[in-house]
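Predicted model only: the values in this text are computed from it and were never measured.
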Amino acid sequence: MANTIADIVNLCPSDGSARMINFDKITGNIIITSDARSGCFYQRVALSDETGYIEVLVDTKGRESRFPVGARVSFICSGLYVWTWRNVVVVGNIEVISYPDGETVKEYPPLSTPSELSRIQVLEQTDLRPRDGEIWNPTARKEGDIVYFDDVQFTDDYLGQAWGDYRSRTDLFRHIVDREGNTFPVMVPSYAWFAYRMLPSGSGRIEGLMQRSRRIPYQYLKVFDARKIHMEGERFEVTPKGPFLSGTELMWS
């Protein structure tokens, strides 16, 4: 039976340590992004399949052309390590450096040599399109999906604030709301180039990557491309019909 991303995720220790991957490869994965411009995926290629989502540490020039969005790939992962970083399951190398005083330090170099980069082989190109996230329906999406929410706006308490706290490098969660009062958490990494910009004050459409917290089981939308935010419409009056869903109630099955 072929291995999947879920097999890698299941290997990942929950205590913050790293573990070596002990099977050969996974196939059928789709590149969700290899974005090198927004700052949100620095030295990363994001992979997703029907079972899960991971990010692979990669450093090469022309990353977006070598690993295009929507490409179906095979990933040879044997001998690499898996760990978590900022709620994300990450795969890459680990080097232990020993100093004369006996101190040891772990470093996490990305895949960069020709032989390392050849671990990711593009099989075919697919047409990756965002899906409707259906803010009221947590079963309509899963981690690793590119989704959009239509006819939403940021809640009143976030108006006049920036996307992220780029000074302290703290990732902040904001909430969007639809006309019926359903809310959903949105996050922009503090290191995104547009983190200093003010949140849009209008209503409209927002698109991003569906992710999950590994400390508290809820979903959130990671926004990494400012070009996919179209919220220039007038603000609307929220009329709750209840019972409505808040972000922390959108549990994973």
Side-chain angles (χ1 to χ4, degrees), residues 1-13 16-98 104-130 143-146 189 191-193 208-211 222 224-225 227-228:
M1 181 179 295
N3 291 106
T4 65
I5 286 179
D7 295 315
I8 293 180
V9 173
N10 291 336
L11 276 178
C12 188
S17 62
R19 179 174 295 162
M20 181 181 286
I21 299 172
N22 56 8
F23 51 83
D24 183 39
K25 65 181 179 179
I26 54 177
T27 59
N29 320 289
I30 299 293
I31 293 179
I32 297 301
T33 181
S34 51
D35 169 56
R37 293 169 296 179
S38 71
C40 298
F41 293 91
Y42 177 67
Q43 294 186 341
R44 307 258 178 132
V45 171
L47 300 180
S48 177
D49 65 12
E50 289 301 316
T51 71
Y53 171 86
I54 58 173
E55 294 179 7
V56 184
L57 296 184
V58 170
D59 184 19
T60 181
K61 291 182 179 179
R63 176 156 45 103
E64 290 178 298
S65 58
R66 177 163 185 161
F67 304 117
V69 171
R72 190 179 302 277
V73 301
S74 171
F75 176 39
I76 300 174
C77 49
S78 175
L80 297 178
Y81 289 82
V82 57
W83 66 93
T84 56
W85 184 83
R86 287 193 174 187
N87 278 328
V88 176
V89 176
V90 179
V91 175
N93 288 309
I94 290 183
E95 291 182 359
V96 179
I97 300 176
S98 299
T104 60
V105 176
K106 284 185 179 180
E107 294 192 351
Y108 304 87
L111 309 182
S112 59
T113 67
S115 61
E116 289 177 331
L117 294 172
S118 65
R119 284 176 172 267
I120 303 177
Q121 292 289 332
V122 174
L123 304 177
E124 62 177 344
Q125 188 65 35
T126 69
D127 184 17
L128 180 64
R129 297 184 180 184
E143 185 178 25
D145 283 344
I146 299 293
Y191 40 88
W193 69 265
L209 172 67
M210 191 57 55
Q211 300 219 266
K222 178 178 179 178
F224 62 91
D225 191 341
R227 299 169 298 178
K228 302 296 179 64

Tightest non-hydrogen contact, residues C12 and V82, listed as CB-CG2, 3.9 Å
Here the gap from T51 atom OG1 to I26 atom CD1, rounded to the nearest 0.5 Å, amounts to 8.0 Å
* Stepwise side-chain contact (heavy atoms from CB on, under 4.5 Å) check, V9 with Y53 -> CA-CA 8 Å; V9 173; Y53 171 86; over 6 Å; no
Quiz item: Is there a donor-acceptor pair closer than 3.5 Å between any side-chain N or O of Q125 and the backbone N or O of V69?
Solution: yes
Only pairs under 3.5 Å count here: list side-chain donor-acceptor contacts from residues 117-124, not counting sequence neighbours, and write none if there are none.
| residue | atom | partner | partner atom | Å |
| --- | --- | --- | --- | --- |
| S118 | OG | P114 | O | 3.4 |
| S118 | OG | S115 | O | 2.6 |
| R119 | NH1 | I76 | O | 2.7 |
| R119 | NH1 | S78 | O | 3.1 |
| R119 | NH2 | S78 | O | 3.1 |
| Q121 | NE2 | S118 | O | 2.9 |
| E124 | OE2 | R72 | NE | 3.0 |

Check: Are K222 and F41 in a cation-pi setup, meaning NZ or CZ lies under 6.0 angstrom from the ring centre and within 45 degrees of the ring axis?
Finding: yes
What verdict does the side-chain contact (heavy atoms from CB on, under 4.5 Å) test give for L47 and I32, after you've listed the backbone C-alpha separation in whole Å, the side-chain angles of each residue and the deciding distance to 0.1 Å? CA-CA 6 Å; L47 300 180; I32 297 301; over 6 Å; no
(message) I'd like to know whether the aromatic ring centres of W83 and Y108 sit less than 6.0 Å apart in this structure.
(response) yes
Could you check V90 against Y81 for side-chain contact (heavy atoms from CB on, under 4.5 Å), going step by step and ending with a plain yes or no?
CA-CA 8 Å; V90 179; Y81 289 82; over 6 Å; no
Here the gap from T113 atom OG1 to E116 atom CD, rounded to the nearest 0.5 Å, amounts to 3.5 Å
dist D145:CG -> Q211:CD (nearest 0.5 Å) comes out at 11.5 Å
Between the CD1 atom in I31 and the CZ atom in F75, the distance rounded to the nearest 0.5 Å is 11.0 Å
task = Check the pair L111 / L57 against side-chain contact (heavy atoms from CB on, under 4.5 Å), numbers first and verdict last.
result = CA-CA 6 Å; L111 309 182; L57 296 184; 5.7 Å; no
Separation between OG (S48) and CG (L209), nearest 0.5 Å, reads 8.0 Å
The complete set of side-chain hydrogen bond (donor to acceptor under 3.5 Å, both in side chains) pairs with one or both residues in residues 18-28, sequence neighbours excluded, reads none
Heavy atoms of I8 and C77 approach each other most closely as CD1-SG, 4.1 Å
*Tell me whether the centres of the aromatic rings in Y42 and Y191 are closer together than 6.0 Å.*
no
Residue pairs passing the salt bridge (Lys or Arg N to Asp or Glu O under 4.0 Å) test with at least one member in residues 45-62, sequence neighbours excluded, are R44-E55
Does either side chain, that of E107 or that of N93, offer a donor lying less than 3.5 Å from an acceptor on the other one? no
